[in-house]
Amino acid sequence: MNTIIDLFNDHKSERSFTDQAVDDATLERIISTAYRAPTSVHSQQVSVVVTRDAQKRAQIAQIAGGQPWIAKAPVFITFVLDMYKTQVGMQLAGQEQVAHQSIESLVAGATDVGIALGSVMAAARSEGLGIVPIGGIRLRPQALIDLLELPEHTFPVAGVVIGHVDVPSHHKPRLPLETFRHDEAYVTAGLEEKIAQYNQQMTAHWQAINRPDGETWSESVSGYYKHIYFPDVLPAIVKQGFGVDK
């Protein structure tokens with residue numbers, strides 16, 4: 001039995017935490033996995049900001065749209081796309097950074113952040129802790145930039161809550177594997193039918209855990225994606241000095 005694969009396959013996003021602290025040694029081990037994670041061209045264009053101060057966590061909870069688990073759990077980590085660091089490094093070589101003017105740098109940097117985030121989530125769960133990744137920090141990105149005092153050419157892409165679980169969450173059903181894995185080429189045939197069946201499965205799931213307010217997958221994603229989800233991202237990215245037209 002491969003315990004690493006089992007760990008990933010047992011993923012749950014937890015939203016009920018105690019206020020028990022995460023000890024320093026454990027947190028250091030968890031963060032080390034992001035520190036050692038791969039980055040594009042060894043750019044190391046990822047930084048993390050660890051927030052343990054209760055008042056700041058409460059502020060982040062509000063910035064993220066009112067997510068109380070951010071304030072409740074003892075640790076919140078913000079993952080930052082960091083091209084300020086690369087800029088300083090290039091200056092030492094007598095070079096001027098221009099890559100941040102390209103959308104490719106945002107894509108590459110966000111990819112590297114995702115790799116680091118995934119490493120931290122797995123590491124935290126391997127330590128017996130619960131996690132929930134947070135994209136809601138992009139709801140009001142400028143407020144978080146100001147709170148964390150992020151310099152130019154940086155952007156807070158995502159965060160993660162880490163703590164000891166109080167009331168465990170439930171595993172959610174997933175879309176059929178055939179909608180995720182495509183061999184050789186993307187297969188569109190039968191997708192609508194598979195999603196319709198999955199919607200029924202989600203309805204049954206919510207009923208089974210006594211959540212009459214639960215939505216189908218189609219209804220859930222519609223609530224987010226029928227409009228521009230986080231409209232303040234673009235102006236904040238531009239204000240931070242990134243380019244989006246190259």
Can you confirm whether more than 12 heavy atoms, excluding those of Lys85, are under 6.0 Å from its NZ atom? yes

Hey, can you pull the donor-acceptor pairs under 3.5 Å for the side chains in residues 234-245, sequence neighbours left out?
from	atom 1	to	atom 2	distance (Å)
Gln240	NE2	Pro151	O	2.8
Gln240	NE2	Thr154	O	3.0
Gln240	NE2	Thr154	OG1	3.3

Any ion pair linking Asp183 and Arg181 (charged N to carboxylate O, less than 4.0 Å)? yes

When clusters are formed by joining ILVMFWY residues with side-chain heavy atoms under 4.5 Å apart, either directly or through shared neighbours, do Ile103 and Phe155 land in the same one? yes

Using a distance-only test with no angle check, is there a side-chain donor-acceptor pair under 3.5 angstrom linking Thr86 and Gln97? yes

We want to know whether Thr26 and Arg29 form a side-chain donor-acceptor pair, criterion being a heavy-atom distance below 3.5 angstrom. yes

Throw together a table of side-chain donor-acceptor distances under 3.5 angstrom for residues 132-150, partners on residues two or more places apart or in other chains.
from	atom 1	to	atom 2	distance (Å)
Arg138	NH1	Val157	O	2.6
Gln142	NE2	Asp146	OD1	3.1

With Arg36, which residues qualify under salt bridge (charged side-chain N to carboxylate O under 4.0 Å, His left out), at least two apart? none

Count I, L, V, M, F, W, Y as connected when their side-chain heavy atoms are under 4.5 Å apart, and connections chain through other members. Are Val233 and Met83 then in the same cluster? yes

Report yes or no: do Ser40 and Asp112 form a side-chain donor-acceptor pair below 3.5 Å? no

Tell me whether the rings of His182 and Tyr186 are parallel (<30°), tilted (30 to 60°) or perpendicular (>60°). parallel

Take atom CG of Leu92 as the centre, draw a 6.0 Å sphere, and report whether it contains more than 12 heavy atoms from other residues, nucleotides or ligands. yes

Are Leu106 and Val98 connected in a single hydrophobic cluster, I mean Ile/Leu/Val/Met/Phe/Trp/Tyr linked by side-chain heavy atoms less than 4.5 Å apart? no

Exercise: do His205 and Gln207 side chains pair donor with acceptor under 3.5 Å: no

Are more than 12 heavy atoms from other residues, nucleotides or ligands located less than 6.0 Å from atom CD1 of Ile209? yes

Got more than 12 heavy atoms from elsewhere within 6.0 Å of CD, Glu96? no

